[in-house]
Amino acid sequence: MEIVTYIIAVVLVFFGIMFVVGAQGEFMRVVVGVVLMAAAGVMVYLTRMRPQQHETTIVQQIDLTGDVNLEQMKCRNCGGALSKDSLELKLGAIYVNCPYCGATYQIEEEPKW
């Protein structure tokens with residue numbers, strides 16, 4: 001949308017200059033040319049001052065294979081109870097950070113066979 005605004009502003013400036021240059025002493029043509037150039041300037045100013053709304057949301061999902069039963073996760077090192085805040089996804093792998101002993105390790109899915 002910004003590109004379209006800039007193109008319209010360039011066209012307005014072009015016609016504004018044409019009106020001013022071709023005025024040949026007619027005051028009204030000079031006024032129209034100045035108004036066209038001012039309108040182009042206002043369009044560019046408003047386009048630049050508008051807040052940018054380019055927000056990207058990334059959603060990561062974990063697809064588990066086979067049957068999954070919910071149970072309390074415990075740290076392999078100290079046996080402390082882990083919460084969802086202890087899990088972190090890095091490069092497609094699930095890592096656990098134990099808040100009690102500080103251990104960090106990767107969760108590996110065991111084959112079902």
TODO: Please answer: with hydrophobic residues joined when any side-chain heavy atoms are less than 4.5 Å apart, are V11 and V32 in the same cluster?
DONE: yes
- [ ] Answer yes if V10 and V13 sit in the same cluster of Ile, Leu, Val, Met, Phe, Trp and Tyr residues linked by side chain heavy atoms under 4.5 Å apart, and no otherwise.
- [x] no
Task: Between CG on residue L12 and CE on residue M43, distance to nearest 0.5 Å - done: 6.0 Å
Task: Reported CZ-to-CD1 distance for the pair R76 and I107, which is rounded to 0.5 angstrom - done: 7.0 Å
Open item on the list: Taking L36 as the starting point, is it possible to reach I17 by hopping between hydrophobic residues whose side chains are less than 4.5 Å apart?
Closed with: no
Task: Inter-residue atom distance I8.CD1 - T47.OG1, 0.5 Å rounding - done: 9.5 Å
Task: Heavy atoms of other groups near L46 CG, more than 12 under 6.0 Å - done: yes
Task: Within 6.0 Å of OH in Y105, more than 12 heavy atoms from elsewhere - done: yes
- [ ] For A23 and V30, work out which heavy atoms get closest and say how close.
- [x] CB-CG2, 3.5 Å
Open item on the list: Count I, L, V, M, F, W, Y as connected when their side-chain heavy atoms are under 4.5 Å apart, and connections chain through other members. Are F19 and M28 then in the same cluster?
Closed with: no
- [ ] Count the heavy atoms belonging to other residues, nucleotides or ligands that lie under 6.0 Å from CD of Q106, then report whether that count exceeds 12.
- [x] yes
Open item on the list: Please determine whether the number of non-hydrogen atoms from other residues, nucleotides or ligands lying under 6.0 Å from atom CZ of F14 exceeds 12.
Closed with: no
Donor-acceptor list for residues 91-101 side chains, cut-off 3.5 Å, not counting sequence neighbours:
| residue | atom | partner | partner atom | Å |
| --- | --- | --- | --- | --- |
| N97 | OD1 | T104 | OG1 | 3.1 |
| N97 | ND2 | E88 | OE1 | 3.0 |

- [ ] Consider only side-chain heavy atoms of I, L, V, M, F, W and Y, link residues closer than 4.5 Å, and tell whether L82 and L89 are in one cluster.
- [x] yes
Task: Non-hydrogen atoms of G33 and V20 that approach each other most closely - done: CA-CG2, 3.9 Å
Task: Any residue meeting salt bridge (Lys or Arg N to Asp or Glu O under 4.0 Å) with R29, in chain and number order, not counting sequence neighbours - done: E26
